[in-house]
Number of protein chains: 2
Amino acid sequence: MEIEETIALLKSRGYRITPQRVAILRILKDNTNHPGVEDVFRSVIKIYPNISMATVYNVMEVLEREGIIKEIAVSNVSRRYDPDVNPHGHFICRVCEKVFDVSFSNMRSLGKYSPRELDEFVIESLELIYRGVCKDCKDKT
Amino acid sequence: MEIEETIALLKSRGYRITPQRVAILRILKDNTNHPGVEDVFRSVIKIYPNISMATVYNVMEVLEREGIIKEIAVSNVSRRYDPDVNPHGHFICRVCEKVFDVSFSNMRSLGKYSPRELDEFVIESLELIYRGVCKDCKDKT
DNA sequence: CTGTCTGCAAACCATTTGCAATCGT
DNA sequence: ACGATTGCAAATGGTTTGCAGACAG
């Protein structure tokens, strides 16, 4: 999606188009480095030397909420542990925050879990995460 | 793996078998709740009222390092963002911490990404994470 | 104008660190 | 006895919050 389109989308949803937001959009556009908040901050501060981290957090949150960017679970510092170390997936319910196991064998073949692109990489572990709403929480609505 | 076996394994690798470690092992054994450090702490403090969070962190780290438990990326509070919101996977290099994109189409069919187990669940997003060592870092060794 | 957004500073809070006392081997 | 481990307290650092002033619409 073009920057202009994204801006129009945000505007149509009632967001104000501030220069800081535009700057961050430009920084993110076609960025393949999976930047963190700090990375974005370091880029945008060159253009707006007074911008604060709080604003970057705020903008990232808006963009994520509107589906313009996606948070990825890179963090090593996660908070949950699984005593089952066999490869399997997880479903995380956005409402109750419960974590459900999803066995690989029940998935329509994840194959040998080694995509061509990673041919020369050493794959040490694989994690598959579904997010959404679990049956119980869905039924309660 | 039985508790006794796990203890033997740890011992054989030079770790000391403290009652705190045994208690945490018991708590984790067959635990399907994907507990966080806080959860483990709340359980173990009933047995050892003086145990500290630092010890729980320490024990969890040991167990993870020895492959007895696995950290999972549940955290909503992640640190990296992707401007590409189309479903695709990521490879995270443990050495340089770079994040590489892995396209779904290049993977040997992840299928419609809806396992039978989740039939009644609302799947809103899917994340696939490979961890290991990337080509560049491997070559530098 | 009006209400949203920014930027600053302080608060938060999960995790980490330093260290003396304790305990497993 | 020796060195690893614990538990306490303090430090850390990323993220969040509160709020007054700035600014987009």
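The figures here come from the full heavy-atom set of this structure, side chains too, leaving out hydrogens, waters and symmetry mates. Per chain, numbering begins at 1; letters A, B, ... match sequence-line order.
Following rounding to the nearest Å, A:Ile7 (CD1) and D:dA24 (P) show an atom-to-atom distance of 13 Å. A:Glu71 has its CD atom 11 Å from the C1' atom of D:dT15, to the nearest Å. Rounded to whole Å, the distance from CZ on B:Arg13 to P on C:dG24 is 22 Å. Spacing between atom CD1 of B:Ile45 and atom P of D:dC8 amounts to 9 Å, rounded to whole angstrom units. The CE-C1' distance, from A:Met53 to C:dC12, rounds to 15 Å in whole Å. The interatomic distance linking B:Phe41 (CZ) with D:dG7 (P) rounds to 10 Å, in whole Å. Residue B:Glu61 contributes atom CD, which lies 12 Å from atom P of C:dT15 at whole-angstrom precision. Spacing between atom NZ of B:Lys11 and atom P of D:dG3 amounts to 20 Å, rounded to whole angstrom units.
Judged by distance alone, with hydrogens and angles left aside, the side-chain atoms of B:Asn31 form a donor-acceptor pair with the main-chain N or O of B:Asn33 at under 3.5 Å. For A:Lys11 (side chain) and A:Ile17 (main-chain N/O), no donor-acceptor pair under 3.5 Å exists by modelled atom type.
One side chain, B:His34 or A:Asp101, offers a donor N or O that lies under 3.5 Å from an acceptor on the other.
Checking the phosphate oxygens (OP1, OP2) of D:dT15, a side-chain nitrogen or oxygen of A:Tyr57 falls inside 4.0 Å.
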Using the rule given for side chain to side chain contact (heavy atoms under 4.5 Å, CB included), can you reason through A:Glu38 versus A:Met53, listing the C-alpha separation, both sets of side-chain angles and the distance that settles it, and then say yes or no?
CA-CA 8 Å; A:Glu38 184 68 36; A:Met53 284 294 287; 4.0 Å; yes
Check step by step if side chain to side chain contact (heavy atoms under 4.5 Å, CB included) holds for B:Val102 and B:Leu128.
CA-CA 9 Å; B:Val102 180; B:Leu128 178 62; 6.0 Å; no
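Under the salt bridge (Lys or Arg N to Asp or Glu O under 4.0 Å) criterion, A:Asp30 pairs with no residue at all, not counting sequence neighbours. Applying the side-chain contact (heavy atoms from CB on, under 4.5 Å) test to B:Ser52 and every residue at least two apart in sequence or in another chain returns B:Ala54, B:Thr55. With sequence neighbours excluded, no residue satisfies side chain to side chain donor-acceptor pair (under 3.5 Å) with B:Arg16.
Contacts between residues 14-26 of chain A and DNA chain D, counted as heavy-atom distances below 4.0 Å, involve A:Arg16, A:Ile17, A:Pro19.
Bending across the helix from C:dC1-D:dG25 to C:dT25-D:dA1, expressed as the angle between its end axes from five pairs apiece, amounts to 40° (10° rounding).
Note: A:Tyr130 and A:Phe91 have parallel aromatic rings, judged against thresholds of 30 and 60 degrees for the angle between ring planes.
Taken from CG in B:Leu63 to CD1 in B:Ile69, the straight-line distance is 5.0 Å, to the nearest 0.5 Å.
Between B:Met60 and B:Leu28, some side-chain heavy-atom pair lies under the 4.5 Å cut-off.
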Write down the protein N/O and nucleotide N/O pairs, taken from nucleotides 8-11 of chain C, whose separation is under 3.5 Å; answer none if there are no such pairs.
from: C:dC8; atom 1: OP2; to: A:Asn50; atom 2: O; distance (Å): 3.0

